[in-house]
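As structure tokens, the structure follows; a few thoughts come after it.
One-based numbering along the sequence shown.
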Amino acid sequence: MPYLRITIFLGLSSLLYANYYNIRSTEYKPSKYLLVDVARFGWHEARVQAIRECGLGHHTFCMRALGENLLDENPQIRQESARNLGFLKAPECLPYVEKAMQVEKEQTILADYIWLVGEIGAEEGRQLILGYLSSEDPFIRRAAADSLARIGNREDYKALAQAYHAEKEERVKLNLLAAILRLEPNSVKHRIDIIRLLSSPDKEVRYYTAIEIKNLKMKDAYAALVRAREIETEEDVNVKLGEALKASKFAR
């Protein structure tokens with residue numbers, strides 16, 4: 001009999017846990033107040049689930065809760081909150097991001113904050129990330145270049161060009177060139193420089209250069225792409241070169 005009671009108790013507990021953990025288990029649109037409350041104060045797994053529902057469900061009312069979570073002591077909560085704030089694209093969360101940037105020690109999470117600013121795309125976010133173009137961490141420099149490109153203010157061309165001139169690492173140079181060409185697509189020097197990266201000895205650089213050239217639809221890269229495919233021995237790079245070649249061929 002004691003074992004039966006224990007079994008029934010565990011079964012009911014599991015059911016209640018499932019209903020609480022899966023915020024959308026009982027209704028298509030979760031309660032605004034329940035969702036925000038769990039995202040802030042639930043146990044860890046429930047908070048993660050609620051934060052993801054906030055983002056994937058595009059629930060703008062979660063903005064403050066996720067913004068406050070950027071200062072949470074748990075790194076996964078901070079990271080999940082940053083990434084799901086990206087789905088909301090709410091410029092009102094920038095003050096929360098600014099505070100979090102000032103104290104964040106984890107570089108990967110800091111990169112997520114920089115990505116978030118670019119994803120929001122608000123002009124006022126530019127000043128939060130311009131300084132990171134000179135970060136000691138190459139991953140952070142790349143994130144800053146990408147975010148500035150997505151915000152798309154041509155006034156940042158000079159800062160990006162200066163950062164490119166000072167940059168030593170090819171992988172970062174690629175991101176800077178891609179950002180520059182999104183702001184100033186007719187910059188001949190930078191178009192030549194990104195095409196030259198197709199012959200980099202670094203496989204990763206060649207791979208991502210092909211992707212960027214495809215995204216930029218560079219008609220003038222056609223001959224270089226044909227040559228790059230002739231000498232490329234890495235299959236995954238060749239696939240991206242082929243995609244870039246097609247985009248270049250049909251570019252206007």
Residue [X] excluded, over 12 heavy atoms near [atom1] under 6.0 Å:
{"X": "Glu230", "atom1": "CD", "answer": "yes"}
{"X": "Lys246", "atom1": "NZ", "answer": "no"}
{"X": "Arg40", "atom1": "CZ", "answer": "yes"}

Inter-residue atom distance [X].[atom1] - [Y].[atom2], 0.5 Å rounding:
{"X": "Arg78", "Y": "Ile109", "atom1": "CZ", "atom2": "CD1", "answer": "4.0 Å"}
{"X": "Arg191", "Y": "Ile213", "atom1": "CZ", "atom2": "CD1", "answer": "9.5 Å"}
{"X": "Leu85", "Y": "Trp115", "atom1": "CG", "atom2": "CH2", "answer": "9.0 Å"}

Which atom names give the shortest non-hydrogen contact between [X] and [Y], and what distance separates them?
{"X": "Ala224", "Y": "Leu198", "result": "CB-CD1, 4.0 Å"}
{"X": "Ser248", "Y": "Met218", "result": "OG-O, 2.8 Å"}
{"X": "Cys62", "Y": "Leu35", "result": "SG-CD2, 3.9 Å"}
{"X": "Leu88", "Y": "Cys54", "result": "CD2-O, 3.6 Å"}
{"X": "Ala210", "Y": "Ala244", "result": "O-CB, 3.4 Å"}
{"X": "Ile151", "Y": "Gly125", "result": "CD1-C, 4.4 Å"}

Any salt bridge between [X] and [Y], counting N to O under 4.0 Å?
{"X": "Arg47", "Y": "Asp72", "answer": "yes"}
{"X": "Glu234", "Y": "Arg206", "answer": "no"}
{"X": "Lys189", "Y": "Asp193", "answer": "yes"}

If the condition is ring-ring contact (aromatic ring centres under 6.0 Å, His included), which residues does Tyr157 pass it with, not counting sequence neighbours?
none
The criterion is side-chain hydrogen bond (donor to acceptor under 3.5 Å, both in side chains); which residues satisfy it with [X], sequence neighbours excluded?
{"X": "Glu123", "result": "Asn153"}
{"X": "Glu170", "result": "Ser200"}
{"X": "Ser134", "result": "none"}
{"X": "Arg126", "result": "Asp156"}

Salt bridge (charged side-chain N to carboxylate O under 4.0 Å, His left out), that's the test. Do Asp202 and Arg171 meet it? Break it down for me.
CA-CA 9 Å; Asp202 187 328; Arg171 185 69 177 85; over 6 Å; no
I'd like to check [X] versus [Y] (side-chain heavy atoms, cut-off strictly below 4.5 Å). Are they in contact?
{"X": "Leu176", "Y": "Leu133", "value": "yes"}
{"X": "Glu212", "Y": "Arg182", "value": "yes"}
{"X": "Leu128", "Y": "Ile114", "value": "no"}
{"X": "His44", "Y": "Ile77", "value": "yes"}
{"X": "Ile129", "Y": "Met101", "value": "yes"}
{"X": "Glu167", "Y": "Glu169", "value": "yes"}
{"X": "Lys214", "Y": "Leu245", "value": "no"}

Pairs flagged by ring-ring contact (aromatic ring centres under 6.0 Å, His included) wherever residues 159-182 is involved - sequence neighbours left out
Tyr164-His190
Does Ser147 use its side chain to pair, donor to acceptor, with the backbone of Val117 at less than 3.5 Å?
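Between the backbone of Val117 and the side chain of Ser147 there is no qualifying donor-acceptor contact (under 3.5 Å).
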Going by side chain to side chain contact (heavy atoms under 4.5 Å, CB included), name the residues that satisfy it together with Val239, two or more places apart in sequence or in a different chain.
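Residues passing side chain to side chain contact (heavy atoms under 4.5 Å, CB included) with Val239: Glu243.
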Sequence neighbours excluded - disulfide (SG to SG under 2.5 Å) pairs with any residue from residues 78-149:
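Matches after skipping sequence neighbours: none remain.
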Hey, could you give me each pair passing disulfide (SG to SG under 2.5 Å) that has a residue in residues 185-252? Not counting sequence neighbours.
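Checked against disulfide (SG to SG under 2.5 Å) - neighbours excluded - no pair reaches residues 185-252.
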Using a side-chain heavy atom cutoff under 4.5 Å and only I, L, V, M, F, W and Y, what cluster partners does [X] have?
{"X": "Val188", "answer": "Ile192"}
{"X": "Phe250", "answer": "none"}
{"X": "Val103", "answer": "Leu71"}

Can you see whether Glu232 engages Asn238 through a side-chain donor-acceptor pair at a distance of less than 3.5 angstrom?
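No - no donor-acceptor pair under 3.5 Å links their side chains.
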Pairing donors with acceptors under 3.5 angstrom, does anything connect the side chains of Glu68 and Tyr96?
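No pair is found: no donor N or O on one side chain lies under 3.5 Å from an acceptor on the other.
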